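Right, one structure below, let's go through it.
Here the structure is a predicted model, which means the values were calculated and not measured. Every number for a ligand or one of its atoms is a count from 1 in the order of the listing.
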Amino acid sequence: MGSIAKVGDIRLKELVFATNNAYKAAEVSKLLAGKYKILTLKDIGCGVDIPETGSTFEDNAALKSLYVVTHYHLDCFGDDSGLEVEALNNAPGIYSARYSGNRSDQGNMSLLLNNMEGIEHRSARFRTVISLNLNNKNFFFEGMVSGTIRKEAIGEQGFGYDPVFEPLGHDRTFAQMSTNEKNEISHRAIAMKKLIAFLKDHAGF
Ligand code: ITT
């Protein structure tokens, strides 16, 4: 898998994460710290915003990882993720990144809070599906975390809808948590832990 990179005294394997989202890359890098060095699309010289034309998280995650396999011939994983709000029939779902028509986190959150005005049932969940392409085979790993949508945004950390999402059993939003705290419970971390277990079995993690 990938090549070998020498980082100080430690020899880290490299693995491509097909993302342009630096926050996702930072979360995942922490989970793989000391074992794999993550290379993003930018790191491999890919300036493409890979079209997400699928109708499910699985489809879109696979489109991202397959793009890298097809054009760069590298083992790779990609994640498609989003927020599903029960009272909104699971919107914004796969359209989370562009819910308000562009990629503005502020715009997306404002639209969400507007659409939920007057709604008391505020249950929601974050979902991630990771598609891993390893030796020309495709594997999927899923993670989800349940919670509620706050009536106002709070917190400065993270990205996307983190300031309005309070995970179940907690009294702070994801945006009030450090990356390490979020990585204890998040949808992406749950999926990544499954991927790491898989790599341990199949690629000598
Ligand atoms: P890449 O496709 O380049 O990986 P992206 O941000 O476009 O980056 P997605 O297509 O998977 O990623 O869209 C996910 C959107 O869902 C993201 O932009 C956020 O708005 C939201 N989202 C997903 N995971 C999240 C998280 O952990 N915290 C907050 N919002 C999240």
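- Of the protein's non-hydrogen atoms, the one nearest atom 2 (O) of ligand 1 is K64 NZ, 2.7 Å.
- Considering only non-hydrogen protein atoms, atom 10 (O) of ligand 1 sits nearest to E52 OE1, 2.9 Å.
- Classified by interplanar angle (parallel below 30°, tilted 30° to 60°, perpendicular above 60°), the ring pair Y23/F159 is parallel.
- Of the options K24, K182, R188, the smallest heavy-atom separation from atom 5 (P) of ligand 1 is shown by K24.
- Taking only nitrogen or oxygen atoms, main chain and side chain alike, N108 does not reach within less than 3.5 Å of ligand 1.
- Not a single heavy atom of G158 lies less than 4.0 angstrom from ligand 1.
- Here the protein heavy atom with the shortest distance to atom 6 (O) of ligand 1 is N21 ND2, 3.0 Å.
- At the shortest separation from atom 28 (N) of ligand 1 among protein heavy atoms lies D162 OD1, 2.6 Å.
- In terms of the ring pair (Phe, Tyr, Trp, His ring centres under 6.0 Å) criterion, F57 has no residue partners (sequence neighbours excluded).
- In this structure, atom 16 (O) of ligand 1 lies nearest to the protein heavy atom S96 CB, 3.3 Å.
- Taking the six-membered ring for Trp and thresholds of 30 and 60 degrees, F174 and H187 have nearly parallel ring planes, at less than 30 degrees apart.
- Side chains of T128 and D80: a donor-acceptor N/O pair is absent below 3.5 angstrom, by distance only.
- The pair E166-R122 does not count as a salt bridge, with every side-chain nitrogen at least 4.0 angstrom from each carboxylate oxygen.
- Under the 4.0 angstrom criterion for non-hydrogen atoms, L83 is not in contact with ligand 1.
- The T19 neighbourhood of ligand 1 comprises atoms 1 (P), 3 (O), 4 (O), 8 (O), with distances under 4.0 Å to a heavy atom of that residue.
- The single protein non-hydrogen atom nearest to atom 23 (C) of ligand 1 is S81 OG, 3.2 Å, given as residue, atom name and distance.
- The heavy atom nearest to atom 26 (C) of ligand 1, considering only F165, Y161, F159, is found in F159.
- In the model, T173 has no side-chain atom that pairs as donor or acceptor with a side-chain atom of R150 under 3.5 Å.
- Polar contact check, E27 against ligand 1: no nitrogen or oxygen pair lies under 3.5 Å apart.
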In sequence, state the C-alpha distance, the side-chain angles, and the governing distance for D43 and E14, and then conclude on side-chain contact (heavy atoms from CB on, under 4.5 Å).
CA-CA 11 Å; D43 294 327; E14 294 182 341; over 6 Å; no
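- Atoms of ligand 1 found under 4.0 Å from any heavy atom of D79, numbered from 1 in the order shown, are 11 (O).
- For atom 3 (O) of ligand 1, the nearest non-hydrogen atom of the protein is N20 N, 2.8 Å.
- Contact atoms of ligand 1 toward H187: 24 (N), 25 (C), 26 (C), 27 (O) (distance under 4.0 Å to a heavy atom of the residue).
- There is a path of hydrophobic side-chain contacts, each under 4.5 Å, that joins L132 to Y36.
- In this structure, Y67 and Y72 have tilted ring planes: the angle between them lies in the 30° to 60° band.
- A salt bridge is absent between K194 and E142: the closest approach of a Lys/Arg side-chain nitrogen to an acidic carboxylate oxygen does not fall below 4.0 angstrom.
- Applying the salt bridge (Lys or Arg N to Asp or Glu O under 4.0 Å) test between D49 and each of K64, K42, R98 identifies R98 as the sole match.
- Between the side chains of S81 and D79, at least one donor N or O lies within less than 3.5 Å of an accepting N or O.
- Taking each of Y23, F126, F17 in turn, the one with a heavy atom nearest to atom 22 (N) of ligand 1 proves to be F126.
- Residue D80 has at least one nitrogen or oxygen atom sitting less than 3.5 Å from a nitrogen or oxygen atom of ligand 1, judged on distance alone.
- Taking atom 18 (O) of ligand 1 as the reference point, the nearest protein heavy-atom neighbour is A97 CB, 3.5 Å.
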